[in-house]
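What follows is a short report on a single structure.
This structure is a prediction, so every number in the text was calculated from the model and none was measured.
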Amino acid sequence: MRRCSRTACGRTAVATLTYVYSDSTAVLGPLAAYAEPHCYDLCAEHAERLTAPRGWEVVRLAPELVEAASRHDDLLAVAEAVRDRPGARGPGVDPDAPAVRRVHLRVLREDHLP
């Protein structure tokens, strides 16, 4: 059980926040399978109240994530949404590779998921 990353908040995390600096986008999705550097786990209250800096876009991939536990399908939706953004795929990235690093997300083959 992971805790909210916000200072002085001890509630249980239900969502993971990541930033795509190159696209000026904050992506709020279901709680990641494990903690990653530069990602922030948020409780339901902080996930719901999330705002981004002026000029940035907030992508909420699963509005119901604050009520429900994360599911495998939601994690795939996060990866697909970020990967399919214009300019998100770098040169030389093979989309059919079994496990590659795309922008800021690690994509794992289905047989390696917990």
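Residues D41 and T16 bring a donor and an acceptor atom of their side chains to less than 3.5 Å of each other.
The shortest non-hydrogen separation linking H46 to C4 is ND1-SG, 3.4 Å. Between L31 and A13, the shortest heavy-atom distance links the atoms CD2-O, 3.6 Å.
In this structure, OG on S24 lies 14.0 Å from CZ on R54, to the nearest 0.5 angstrom. Note that OH of Y19 is 10.5 Å distant from SG of C39, once rounded to the nearest 0.5 Å. Atoms CZ and OH, on R6 and Y40 in that order, are 11.5 Å from each other to the nearest 0.5 Å.
No side-chain donor-acceptor contact under 3.5 Å links T25 to the backbone of V20.
A side-chain contact (heavy atoms from CB on, under 4.5 Å) with L28 is found for exactly one of L61, L42, V59, namely L42.
Annotation: side chain of R60 is in contact with side chain of L50 (closest heavy-atom distance under 4.5 Å).
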Practice task
Please lay out, stage by stage, how L17 and V27 fare under the test side chain to side chain contact (heavy atoms under 4.5 Å, CB included).
Solution key: CA-CA 6 Å; L17 171 66; V27 180; 6.0 Å; no
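Judged as a salt bridge (Lys or Arg N to Asp or Glu O under 4.0 Å), and not counting sequence neighbours, the contacts of R11 are E45. The salt bridge (Lys or Arg N to Asp or Glu O under 4.0 Å) test applied to R3 returns no partner, not counting sequence neighbours.
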